[in-house]
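Worksheet for the structure shown next.
Counting convention: from 1, in listed order, for ligands and their atoms alike.
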Amino acid sequence: MTLRNLLLATVVTLVPAMATSAFAASMTVGFSQIGSESGWRAAETSVSKSEAQKRNITLKIADAQQKQENQIKAIRSFVAQGVDAIFLAPVVATGWDAVLGEAKDAKIPVILLDRDIETANKSLYLTAVTSDSVHEGAVAGEWLAKNVGDKPCNVVELQGTVGASVATNRKKGFDDVVAKHANIKVIRSQTGDFTRAKGKEVMESFLKAENGGKNICALYAHNDDMAVGAIQAIKEAGLKPGKDILVVSIDAVPDMFKAFMAGESNATVELTPNMAGPAFDALIAFKDKGTVPPKWIQTESRLYTPADDPQKVYDSKKDLGY
Ligand code: AHR
């Protein structure tokens, strides 16, 4: 390639990138975030801020403290402010049609982050950036089935927030797998609301009800924070988490890798905290070029076990805001 052609090619490839970033720099996005119930949630908030900064986008975050009514207020306030787009991490799946209709009437695109909503009107949002949470539950179930083999196994389950899409789906994915294995039974299942404190409290009650934990073979927790709380409860009951009671959960937060290193947990399914990056890219392409994104932008899920160099994974995650 001649120097002239090389320069031309460079200009051609740089122009769209510059146009995109200049365009993004003029954007303000309102993000109705659920709260700070878990390490994963804290990382999602922190990564969202840095992904906005990378693109020079102004990001306004409203913390709903776990309440749908606060999220509805925040969305109305973003509409009144005339933001360019709204990101919504919906605490529960139902009850969004009216307020999202208001955003639609104001021609403000809404992008769902990490959780889904139930609606007959899919035009209320542009796209949803989420993992396949049924699959996450299935991966956890398959790990357990593989590891217990033919042995009888009583499982206790810590569910996420009642009514949250991810709680419903993670339960379904796990239950579907367990239904194929007659030796595995979910004997107790209760919400721990995705928090460490609630996870510990509910696990204590499971242990008490199940002969001090002697009847329990495994814990399935819909997130790592509840698992970490439960691990503490198991230790306080005089049992060894990860050995006497197997532990499988979801998120892959740094503390779970510490638990792997201590031999106190067995498996976790990763949920990326970077939901905002793909959402910003879809939004920029939509606003700038009219490119309509697919209705679902799926993020990856992968299984980690103590065989996956936990120290290395811990080091790679520890500064991400968990
Ligand atoms: O919606 C994602 C879930 O919400 C995460 O798995 C959990 O930790 C968080 O609270």
Sequence neighbours excluded, the answer for salt bridge (charged side-chain N to carboxylate O under 4.0 Å, His left out) partners of R115 is E37
With D281, which residues qualify under salt bridge (charged side-chain N to carboxylate O under 4.0 Å, His left out), at least two apart?
R55
If you count heavy atoms of other groups shown closer than 6.0 angstrom to NZ of K240, is the number above 12?
no
Give a table of atom pairs where an N or O of ligand 1 lies under 3.5 Å from a protein N or O.
from     : atom 1 : to   : atom 2 : distance (Å)
ligand 1 : 1 (O)  : R41  : NH2    : 3.3
ligand 1 : 1 (O)  : D114 : OD1    : 2.5
ligand 1 : 1 (O)  : R115 : NE     : 2.8
ligand 1 : 4 (O)  : R41  : NH2    : 3.0
ligand 1 : 4 (O)  : R115 : NH2    : 2.9
ligand 1 : 6 (O)  : R170 : NH1    : 2.8
ligand 1 : 6 (O)  : R170 : NH2    : 3.2
ligand 1 : 6 (O)  : D251 : OD1    : 2.6
ligand 1 : 6 (O)  : D251 : OD2    : 3.4
ligand 1 : 8 (O)  : S38  : OG     : 3.0
ligand 1 : 8 (O)  : N223 : ND2    : 2.9
ligand 1 : 8 (O)  : D251 : OD2    : 2.6
ligand 1 : 10 (O) : E37  : OE2    : 2.4
ligand 1 : 10 (O) : S38  : OG     : 3.2

Does one side chain, of D193 or T161, offer a donor that lies under 3.5 Å from an acceptor on the other?
yes
Going by side-chain heavy atoms closer than 4.5 Å, which hydrophobic residues are tied to V162, directly or by a chain of links?
none
Do D255 and R196 sit within salt-bridge range, that is, some charged N less than 4.0 Å from a carboxylate O?
yes
